[in-house]
Amino acid sequence: MEGQTFERVILRRKNLRIPFPDCFVERLTGQQILHVNRRAKYLLIETLDEVLIWHLGMSGQVRIYKIDEQVEPIGKHDHVQFDLSSGATIVFTDPRRFGLMDLTKPKHLADHRLLKDIGPEPLGNTFSGPILAHRLKARRGPIKQVIMDGKVVAGVGNIYASESLYRAGISPKRSAATVQGGRAEKLVNAIQSVLGAAIEAGGSTLKDHRTTDGGLGYFQFSFAVYGRTGQACPDCDCDISLTKGIRHLEQGGRSTYYCPRKQR
DNA sequence: CTTTGGGCCTGGACGC
DNA sequence: TGCGTCCAGGCCCAAA
């Protein structure tokens, strides 16, 4: 995408999760793409004068049509289209509209309200056991909810929170402040290995997961605990008659799955 | 400052 | 078959 210009920008509605900014089309049209980056779950498309901040939400799909490739008829949930100078077309489809797009000036990017308080990238070199431990020290809430707080660490959503705690052997109910030392170290390793495996597998959440060329996603990433209430935990030969296997509970209105025997 | 709960939104699963 | 109801997700934001 780098080097290409937004030749035409088509908006088919005025908002997704939040309204599109005023003059969205005008501000982007004619801008040349300099860099494409990611921060937390935000895709950042930087041009000379603007940065497009783009979140796919949970049901958002990006479809990239190559030069001369036939663009499919406009669907009900096709909300935005970008025609690039190369002849490629990008279509953003988002049935649930939990996605969002915003624009900011490059020099204001770091101060943008959606980005300014985001914690360290879990796969970057600013994330480690001691750093996580420090961030958890004053937090009384359950560790599951606290690691889903983007200010603590970026981009650990509901499913990967459960999976990470499982790998780390930490109970989701444990007070976050008590996740220190070796436990924090273990949790960092778990988050990194879970995210790494999920990325390698090409994502894992929705069943209609798609690649940008429209192909079906492939889900090699299988959940150890998520959605597996009552099943035996794959790691410890859980005696289901004693532990009832994987358990489900609700924390902050979100589902949590864990093995009470392996996770303490 | 932290924590909690509401809100956004649709499709799919479910029961009648 | 066609309704109504519930649930799932990310994550911001107002209120406590």
Side-chain angles (χ1 to χ4, degrees), chain A residues 11-21 38-44 53-62 74-80 92-104 111-122 132-165 172-180 191 194-195 198-199 201-210 216-217 219 221 223 225-229 246 248-258:
Chain A
L11 266 195
R12 298 207 167 88
R13 49 180 301 124
K14 61 182 195 303
N15 68 291
L16 293 171
R17 188 155 71 81
I18 63 171
F20 287 93
R38 179 194 59 79
R39 178 77 175 100
K41 291 180 184 169
Y42 294 98
L43 186 58
L44 305 173
I53 299 169
W54 184 357
H55 197 299
L56 305 191
M58 61 173 292
S59 59
Q61 290 178 22
V62 179
I74 298 160
K76 183 179 169 188
H77 303 297
D78 295 346
H79 307 307
V80 188
F92 181 50
T93 305
D94 186 7
R96 297 190 194 175
R97 306 209 299 268
F98 271 22
L100 66 84
M101 287 187 191
D102 201 4
L103 292 176
T104 192
D111 303 320
H112 191 277
R113 66 183 181 91
L114 297 172
L115 302 172
K116 65 179 163 60
D117 292 323
I118 291 176
E121 286 295 327
L132 178 63
H134 181 72
R135 283 166 176 265
L136 296 179
K137 212 158 201 160
R139 302 295 294 259
R140 294 283 183 82
I143 185 64
K144 157 76 166 18
Q145 282 171 254
V146 175
I147 53 163
M148 285 175 63
D149 181 346
K151 293 174 193 149
V152 172
V153 55
V156 178
N158 192 49
I159 293 171
Y160 298 138
S162 278
E163 294 294 316
S164 298
L165 288 166
K173 294 187 277 192
R174 170 179 282 276
S175 169
T178 70
V179 178
Q180 297 290 317
I191 289 169
V194 164
L195 292 182
I199 290 167
S204 53
T205 54
L206 291 184
K207 295 201 171 104
D208 60 353
H209 178 73
R210 296 272 169 161
L216 266 180
F219 338 87
F221 187 86
F223 303 134
V225 290
Y226 190 85
R228 295 189 179 272
T229 310
I246 309 293
H248 173 264
L249 79 120
E250 190 165 300
Q251 294 179 295
R254 286 284 179 270
S255 276
T256 300
Y257 299 87
Y258 70 111

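Computed from heavy atoms alone, side chains included, the values below leave out hydrogens, waters and symmetry copies. Order of the sequence lines sets the chain letters (A, B, ...), proteins ahead of strands, with each chain counted from 1.
- For Phe92(A), the ring-ring contact (aromatic ring centres under 6.0 Å, His included) partners at least two apart in sequence or on another chain are Trp54(A).
- Across the helix from dT2(B)-dA16(C) to dC16(B)-dG2(C), the helix axis at one end is tilted relative to the axis at the other end by 40° (nearest 10 degrees, each axis from five pairs).
- Applying the salt bridge (Lys or Arg N to Asp or Glu O under 4.0 Å) rule to pairs touching residues 145-156 of chain A yields Arg139(A)-Asp149(A), sequence neighbours excluded.
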* To do: Give the C-alpha distance, both sets of side-chain angles, the deciding distance and a yes or no for side-chain contact (heavy atoms from CB on, under 4.5 Å) between Glu121(A) and Arg38(A).
  => CA-CA 10 Å; Glu121(A) 286 295 327; Arg38(A) 179 194 59 79; 3.0 Å; yes
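- Taking a heavy-atom distance under 4.0 Å as the criterion, the stretch of DNA chain B touched by chain A extends 5' to 3' from dT2(B) to dG11(B).
- Qualifying salt bridge (Lys or Arg N to Asp or Glu O under 4.0 Å) partners for Arg140(A), counting only residues two or more places apart in sequence or in other chains: none.
- Here dC7(C) presents its P atom at 15 Å from CG of Asn158(A), a figure rounded to the nearest Å.
- Within the 4.5 Å cutoff, side-chain heavy atoms of Thr229(A) are placed close to those of Tyr257(A).
- Remark: Arg97(A) pairs with no residue by the side chain to side chain donor-acceptor pair (under 3.5 Å) rule, at least two apart or across chains.
- Straight-line distance from the CZ atom of Phe98(A) to the C1' atom of dC12(C): 11 Å, rounded to whole Å.
- In terms of the ring-ring contact (aromatic ring centres under 6.0 Å, His included) criterion, residue partners of His55(A) (sequence neighbours excluded) are, by chain and number, Tyr42(A).
- The interatomic distance linking Asp149(A) (CG) with dG10(C) (P) rounds to 14 Å, in whole Å.
- A donor-acceptor pair under 3.5 Å is absent between the side-chain atoms of Thr104(A) and the main chain of His112(A), judged by distance alone.
- A straight line from CD of Gln145(A) to P of dC12(C) spans 16 Å, rounded to a whole angstrom.
- Ile18(A) has its CD1 atom 12 Å from the C1' atom of dC11(C), to the nearest Å.
- By the salt bridge (Lys or Arg N to Asp or Glu O under 4.0 Å) test, Arg135(A) pairs with no residue at all, sequence neighbours left out.
- For His134(A), there are no ring-ring contact (aromatic ring centres under 6.0 Å, His included) partners two or more places apart in sequence or in a different chain.
- Applying the ring-ring contact (aromatic ring centres under 6.0 Å, His included) rule to Tyr258(A) yields no partners; only residues at least two apart in sequence or on another chain are considered.
- One distance of note links CZ of Arg254(A) with OG1 of Thr256(A); it measures 10.0 Å at 0.5 Å rounding.
- The residue among His77(A) and Arg17(A) whose nearest nucleotide of DNA chain B is located toward the 5' end is Arg17(A).
- Within 6.0 Å of the CG atom in Leu11(A), the count of heavy atoms belonging to other residues, nucleotides or ligands exceeds 12.
- Taking a 4.0 Å limit (strictly below) on heavy-atom distances, residues 248-255 of chain A does not reach DNA chain B anywhere.
- For the pair Arg96(A) CZ and dC7(C) P, the interatomic distance rounds to 14 Å; values are reported in whole Å.
- The distance from atom CD of Gln251(A) to atom CG of Asn158(A), rounded to the nearest 0.5 Å, is 9.0 Å.
- Rounded to a whole Å, the CE atom of Met58(A) is 11 Å from the P atom of dA8(C).
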Protein N or O to nucleotides 13-16 of chain C N or O, pairs below 3.5 Å:
{"from": "dC13(C)", "atom 1": "OP1", "to": "Arg113(A)", "atom 2": "NH1", "distance (Å)": "2.2"}

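- Taking 4.0 angstrom as the limit, Tyr160(A) places none of its side-chain polar atoms (N or O) nearer than this to OP1 or OP2 of dG10(C).
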